Amino acid sequence: MKLNRLLFTAALLAAAVPAIHAGDVKGKITLNGDAPAERDITIGANDPCGKLHPNKKTRFYVVGADKGLADVFIYVKDDQSGKKFEVPAKPLLLDQVGCEYVPYIAGVQTGQKILVRNSDPVMHNVHPTPDKKTGNPEKNLAQMPKAKDLEFTYANPEMFLRFKCDVHPWMFSYVSVMNHPYFAVSDKDGNFTIANLPAGEYTIEANHRKGGVQTQKVKVDASGAATVNFAFDPK
Amino acid sequence: MNAAETVDTRVTQHNPPSKALNLFAWFTAVSTLVLISIGGLVTSHGVGMAVPDWPTTYGYNMFLFPISQWVGGIFYEHTHRLVASGVGFLTVILCVWFWVAEKRRWLKWMGRLALILVIIQGVLGGLRVTMLKDEIGIFHGTLAQLFFLLTVFLAIVTTRSWRDLSAWRAFAPATAGLRNLVLITTILIFVQLMLGASMRHQHSGLAVPDFPLAHGRIYPKTDAETLQKYNLSRVDSRDFKPVTAAQVHLHMAHRAGAFLITGFVFAVWLRMRRATLPRSFHILSRIWVALILAQFALGVATVLSNKAADIATMHVVGGALSLCVGFTLVLLSKRHLWEHAQPLVAQRQNEPSAPQPLPA
């Protein structure tokens, strides 16, 4: 009986070791060279967004200090479909402010809520356009200023699911839907952290909408930490 | 006076051409062209989904939507819907007018066909929005061209000169060698329009951004790696969907079509120059050449301007007009084959029957 209890405890501990030794994968994304010039956004004279927010430009390459590249989506590429993960209760908030979607690049888990808010004084339409192959549903909903938040959830993984506004054709946000929680988006200085990754070896993929895709192998060791950096060339 | 002329006279006596009806039919045709232009602007600006609901507009009755809200993409889409309603209303009037005033039974039915088609067009436009289907947009754009041709047809067949069959019959031998050439050229233009509609309604922007080369080559590469390079290097505030290999091939087919059609239209013009034909044929063939050259230039400009909305829309309108001229030439070159072949004894008083081919 005592031996059984001992064996049981040992098995429990063995299973828990990877969780106890979960770690963060941190890193920095940089841009080699200079980013291509952003394009001016032409807003029609009849559009209040033009008066409210003149001199708008595209934001394909957001480069911060030390050539840090923002808006890169970094995630564990290895298949996690056999595992169960809790869906975060906290929704992702996409806000329409300044006649733009904020954030521009984001990530959620399958089944996690996405709330879309209109903080602008103008009306928008919220039009997610998933890739038809994923099976995620397309919708198109009107949203008046300060109206109730619109809610979306997606059951299938998809990279860079596009949210757009057809009234203001320069407004986009790209939300990647993952079936696991191991992803991050690089901040304005290019830094990122994928948190609580169990010990093991992983393929990390970094995906920038214009810079392209890069992958690297990383080992999360017993100390629970790993570092991986990426450097993109402008296209 | 022979049998044909007897019928012509009786037809004209009991159903004299109405200038008012003819003018109204032309007004409907021109309004349809304006509607196609506005529809072209909607697609060129990529705002076809700017009004998510139908038949309401952001919950309002379409005719009561506040003008202060006609902003951004809503302006184009909402205007398109209002003008479409106007064209629908004109078509209702035309259909009723034909029914009441026209003695040619087949033309009454053509009026009804126009009404059915315009209703179908309206429903297709609405369903494209509510069902979120790009494919319906392609069909909607193509049917618009066919409806435009129908309105032009209704305008032509209500002119006085159309009714004077003897005049058309006189130069029929001169058109013998031209009819098939004109028909083939017009069909080629229609196929070109369908290719164009397919390209536009996939919302991927320009699949090939340069001219006269295509991605720097005579025929562009379309392997996965090269396509990824095209898509990554494309920096545009409209942020189109990624270009696919099929779209590149479609674009190149459209370019090839442009050269082919230009050749055919020139061939028609050269053949007509050598033939003894009414002045209208020569004028139309010259207009056709001018239109096709303008279309070619607009196509090049669409590419070089990175698909600027106004230039792309003018290209759409030019396509519609080119198709219209070809259709008119087909109609006029085959005019003598219509009418009255039915024996007089079988014809009811005051009710000329449908057009039939001349006896051999």
Side-chain angles (χ1 to χ4, degrees), chain A residues 35-51 56-61 99 104 122-132 137-145 147 160 162 164-174 207-213 232-235, chain B residues 41-54 56-60 65-79 128-135 202-205 224-225 228-242 244 305-310:
Chain A
E38 300 291 343
R39 298 284 172 94
D40 290 325
I41 292 173
T42 308
I43 303 178
N46 71 339
D47 193 334
C49 283
K51 295 189 191 93
K56 270 197 164 316
K57 285 185 182 293
T58 55
R59 44 181 175 165
F60 291 117
Y61 288 89
C99 297
Y104 179 53
V122 299
M123 69 165 103
H124 295 297
N125 73 294
V126 181
H127 184 188
T129 57
D131 185 341
K132 286 181 171 54
E138 184 176 355
K139 285 187 187 176
N140 187 17
L141 302 167
Q143 195 172 33
M144 308 305 274
F160 293 140
R162 185 177 71 170
K164 65 185 290 217
C165 173
D166 298 281
V167 182
H168 309 103
W170 63 84
M171 280 179 67
F172 297 98
S173 178
Y174 292 89
N207 195 336
H208 184 264
R209 288 207 65 249
K210 290 297 166 190
V213 175
F232 282 87
D233 296 316
K235 300 288 186 289
Chain B
L41 279 172
V42 169
T43 306
S44 299
H45 283 284
V47 296
M49 303 300 288
V51 179
D53 52 337
W54 178 81
T56 49
T57 298
Y58 282 84
Y60 287 86
F65 186 58
I67 293 177
S68 60
Q69 305 287 0
W70 296 20
V71 296
I74 295 173
F75 172 76
Y76 297 105
E77 171 62 13
H78 185 60
T79 312
R128 185 263 176 275
V129 166
T130 57
M131 293 177 70
L132 303 163
K133 293 258 186 240
D134 287 341
E135 301 83 354
Q202 292 183 57
H203 309 293
S204 294
E225 195 188 323
Q228 197 194 33
K229 273 195 205 144
Y230 298 160
N231 286 313
L232 289 178
S233 60
R234 198 158 67 150
V235 176
D236 193 309
S237 68
R238 294 164 290 183
D239 218 15
F240 298 110
K241 291 180 186 174
T244 63
S305 69
N306 192 22
K307 209 169 154 278
D310 46 0

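The model shown is predicted, which means the values in this text are computed figures rather than measured ones. A, B, ... follow the sequence lines: proteins, then strands. Residue 1 opens every chain.
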Hey, which of A/Arg59, A/Lys57, A/Met171, A/His127 has the most heavy atom pairs under 4.5 Å with chain B? A/His127
For B/Leu232 and A/His208 the tightest heavy-atom approach is CD2-O, 4.5 Å
When every non-hydrogen atom of B/His45 is compared with those of A/Pro169, the smallest separation belongs to O-CG, 4.0 Å
Part of A/Phe160 within contact of chain B (heavy atom distance under 4.5 Å): neither
Taking all non-hydrogen atoms of both residues into account, name the closest pair between B/Val71 and A/Asn46 and its distance. CG1-O, 3.4 Å
Quick one: side chain to side chain contact (heavy atoms under 4.5 Å, CB included) partners of A/Ile41, sequence neighbours excluded? A/Ile43, A/Lys56, A/Thr58, A/Glu100, A/Trp170, B/Ser237
Answer yes or no: does atom NZ of B/Lys229 have more than 12 heavy-atom neighbours from other residues, nucleotides or ligands under 6.0 Å? no
Test your reading of the model: is there a side-chain donor-acceptor pair from A/Lys210 to the backbone of B/Arg234, 3.5 Å cut-off? yes
Between B/Lys241 and chain A, which part of the residue has a heavy atom less than 4.5 Å away: side chain, backbone, both or neither? both
Counting heavy-atom pairs closer than 4.5 Å to chain A, which one of B/Gly48, B/Gly73, B/Ala50 comes out on top? B/Ala50
Under 4.5 Å to a heavy atom of chain B? For A/Arg209 that would be both
Enter the distance from B/Lys133:NZ to A/Glu138:CD here, rounded to the nearest 0.5 Å. 8.5 Å
Report which part of B/Asp236 has an atom under 4.5 Å of a heavy atom belonging to chain A: side chain, backbone, both, or neither. backbone
Kindly indicate whether the side chain of A/Asp47, heavy atoms from C-beta on, has any atom under 4.5 Å from the side chain of B/Phe75. no
Of the non-hydrogen atoms in B/Arg238 and A/Phe172, which two are nearest, and what is the gap between them? O-CZ, 3.0 Å
Side chain, backbone, both or neither: which part of A/Met144 has a heavy atom under 4.5 Å from chain B? side chain
Closest non-hydrogen atom pair between A/Met123 and B/Phe65, with its separation: CE-CZ, 4.0 Å
Quick check: closest heavy atoms across B/Gly46 and A/Asp166, and the distance to 0.1 Å? O-OD1, 3.9 Å
Any donor-acceptor N/O pair, A/Asn125 side chain to B/Met49 backbone, under 3.5 Å: yes
Counting only heavy atoms closer than 4.5 Å, note whether B/Tyr230 contacts chain A via side chain, backbone, both or neither. neither
Side-chain heavy-atom pair B/Asp239, A/Lys164 within 4.5 angstrom cut-off: no
